[in-house]
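Residue numbers begin at 1 in each chain, while the letters A, B, ... track the order of the sequences.
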Amino acid sequence: MTKPVMTASHAVADIPDGASIMIGGFGGAGAPVELVHALLDQGARHLTVINNNAGTGQVGLAALIRDRRVDKIICSYPRTSDSRVFTEAYMSGKVELELVPQGTLIERIRAGGAGIPGFFTPTSVGTPLAKGKQTQTIDGRDCVLETWLKADYALVKADRADPFGNLTYRLSARNFGPNMCMAAACTIVQVRTVVDAGAINPEHVVTPGVYVDRICEIPDPKQEEELVRAQVVYP
Amino acid sequence: MTKPVMTASHAVADIPDGASIMIGGFGGAGAPVELVHALLDQGARHLTVINNNAGTGQVGLAALIRDRRVDKIICSYPRTSDSRVFTEAYMSGKVELELVPQGTLIERIRAGGAGIPGFFTPTSVGTPLAKGKQTQTIDGRDCVLETWLKADYALVKADRADPFGNLTYRLSARNFGPNMCMAAACTIVQVRTVVDAGAINPEHVVTPGVYVDRICEIPDPKQEEELVRAQVVYP
Amino acid sequence: MNELSSVALSRKQMAWRAAQDIEDGFYVNLGIGMPTLCSGYVPDGRHVTYQSENGILGVGPSPAVDQEDFDLINASKAPVTLLPGASFVVQADSFAMIRGGHIDLAILGAFQIAPNGDLANWSTGDDGVPAVGGAMDLVAGAKAVRCLTTHVTKSGAPKLVASCAYPLTGLGVVSRIYTDLAVVDVSDGKFILRELVEGLSTDEISAMTDAPLLIAPDLKPLIAPAL
Amino acid sequence: MNELSSVALSRKQMAWRAAQDIEDGFYVNLGIGMPTLCSGYVPDGRHVTYQSENGILGVGPSPAVDQEDFDLINASKAPVTLLPGASFVVQADSFAMIRGGHIDLAILGAFQIAPNGDLANWSTGDDGVPAVGGAMDLVAGAKAVRCLTTHVTKSGAPKLVASCAYPLTGLGVVSRIYTDLAVVDVSDGKFILRELVEGLSTDEISAMTDAPLLIAPDLKPLIAPAL
């Protein structure tokens, strides 16, 4: 089945207030800047965002937080080279934080995509992040129960898409995108280029098209890290 | 780190009696015929084998069962076009069977490789295969607890390896191999060809070399399905 | 049963009927056996993507015999081809696709189906070798499960029963049944007869069904082309 | 503390010392900060593969500034290069590598370490923004965890303590500690002093350690080259 190719503003148009949104990327690698800016322009509020971090500088996710559009963030590392926007919002009680170990975060996302409602992990046992969680010893390992994480939408940056939504990623920009594509009810992907059917070797596909709902072709995408270093403020 | 390249008989030489062994493949695709035959020649007994099936014809895993080398099989589908060897051994009480739904089987193998001691799945709830298993309702889904599956050895057929053990697979012969490589203490891989360092694009690697311990180069590997159709008997 | 043979659908016709309900854009898993025939009868213009649980998305038709490659097989271990846009995934990812709710429809065979949607299709509980494969994963994970089966066994025993006597594959999973005689919906704990082959009365089909069979107000004839 | 500054190892020397214990063939994850320096000091002839938890196996040195590509970064979000044999994996697979016990060694920073191997290195329990990243996964999953840290804080408070007061990262995970003054093994619930910088007495290092410090019978001098 071919997937619709549309503009970023069109792709995010139906995201409602209160939506949960997974946003791909680790640092600037894989951050879907154009999609997040389209969401910023679109106006949805009271969002729950799942990302490894909590925004840097004044662009992308940081701009979304700055403009009080995010009620809650689920992430592992909300401190970056310039995470003042999140820090201010958090310290003033404007945004809720659910802190999750990075491996548990991605395993929960993977579980959401793979239909695993819960899993036991030794990660965080005996730490404050295990507080209140069910524990069990399995095969001699003390574990905590973690549950799956799903979202209404995923915003993901890939490199190439074919008309069926099959994706490849560039270098370490692969990171969270492929797992997030599987865990969201509606996955919106920005790609550098939409290639012809057959142009992606079936053995090289990283995200099969079944996980992709909407494609935005953005031929010269911004690299978030470069925007941050240039101190760009959006909008 | 480069991985040792050796003959099949050398690679399986230290597999002891009583070892647990994951064997890759689904049907003939991905069945590591040469490695299994080397194991047959080697003589280890009282093995526990994890495979999707339970052998076909008189080659590979079927030959191992025929020669009473396998005490127990963990699999999802022990019936094939010609699974008489297993049927006879099972009906006469010579081999124990742990029947596991295919998705639960591979998720348990994946959990073994990924360090997840247990997970909850809706698969098999309310069926005889859930008997005696811990149950829990998570997020409205009734689930059974399944535990990780690891093995002492994995025997896997891939297509290409580089000197660092990075692997690619051919077509649907990919199936169980990549997950099994991660779940075994010692992973032995037969490949059609060992290519130069750098010959496999880092974005195309399916199994990273960290999961591979020994490599056997078998330039013209047998396809198990073709052996079965030709009614080959090994040895 | 002889008098019924003239009206019963053939295997191909049964597959044809099930295929008419496969929607455009669906990702579909076809069970081993008769369900695999469905892919040949999807109406023109509908784009359907077939998944095979051994790790292929985008399975195409069988190859010519001289083109067979046993490294490219489906879940029935038969050689297949790839359609444009196909991809391979590792086994855990293939079942993530199934168990994660990404497959719109699974069409499976059946031994017994109950009005509460319970399905038994992996074991007749005898003393032979049990085998389950991906059946329990498919019924737990696919968005919809429909069954394709003869209405009664070879010996005439109903397959639509008040309660499954055979070991279950899944609880409350089946939503529609295509048999050689009828199309039956499974909804709110009831069997509802939607379509019936011509020449067979509702009393006759009820007699071959071992559970109450409600008759849809708009009961339609079950008609398939000659195939 | 001034009289100690002349004997304490520099950050580079500390990293050098830790690097001497990285074995040939190891797969290693280096924590953010000082641990990343270790890769520059592994003895010639040892082949070590570095993993970065954002999904790279086979991380190489930093690129020239004009070769920086922010799609190719490490866990510290600094641009890196690839070594031959490198590969990329999706995030869940990267942590499967860590949590599944496939990483031989993680070298991490520390706020506090206790003789039972407990480590606190993600939060000082203050009212700021908490951040954990992959630290809890690394200590739970790596085959060995060693810490690289100054022996005391900037204000002189011991980091090797009887019991961690800061929120824990993991329980019973640390096996060896490299400080600017000593190498300390953590074994059987005890700190064991293995190496000590010259000019410092065992009484002096014990005074800077807030838990009993056993002296190894074969205590050696901690010597690093000028770097």
Against chain D, work out which of B:Lys150, B:His204, B:Met1 has the most heavy-atom pairs shorter than 4.5 Å and name it. B:Met1
Restricting to non-hydrogen atoms, name the atom on D:Ala75 and the atom on D:Ser52 that form the minimum distance, rounded to 0.1 Å. N-OG, 2.8 Å
For chain B, which of D:Gly85, D:Gly141, D:Gly101 has the most heavy-atom pairs under 4.5 Å? D:Gly85
Please report the closest heavy-atom contact between B:Leu155 and B:Pro32, naming both atoms and the distance. O-CG, 3.4 Å
Please check: side-chain N/O of B:Glu146 versus main-chain N/O of B:Phe119, any donor-acceptor pairing under 3.5 Å? no
If you apply the rule side-chain contact (heavy atoms from CB on, under 4.5 Å), what do you find for B:Asn53 with B:Cys75, and how did you get there? CA-CA 6 Å; B:Asn53 305 106; B:Cys75 76; 5.9 Å; no
Can you tell me which portion of D:Ala140 sits under 4.5 Å from chain B's heavy atoms? Options are side chain, backbone, both or neither. neither
When the 4.5 angstrom heavy-atom criterion is applied to B:Ile116 and chain D, the contacting part is side chain
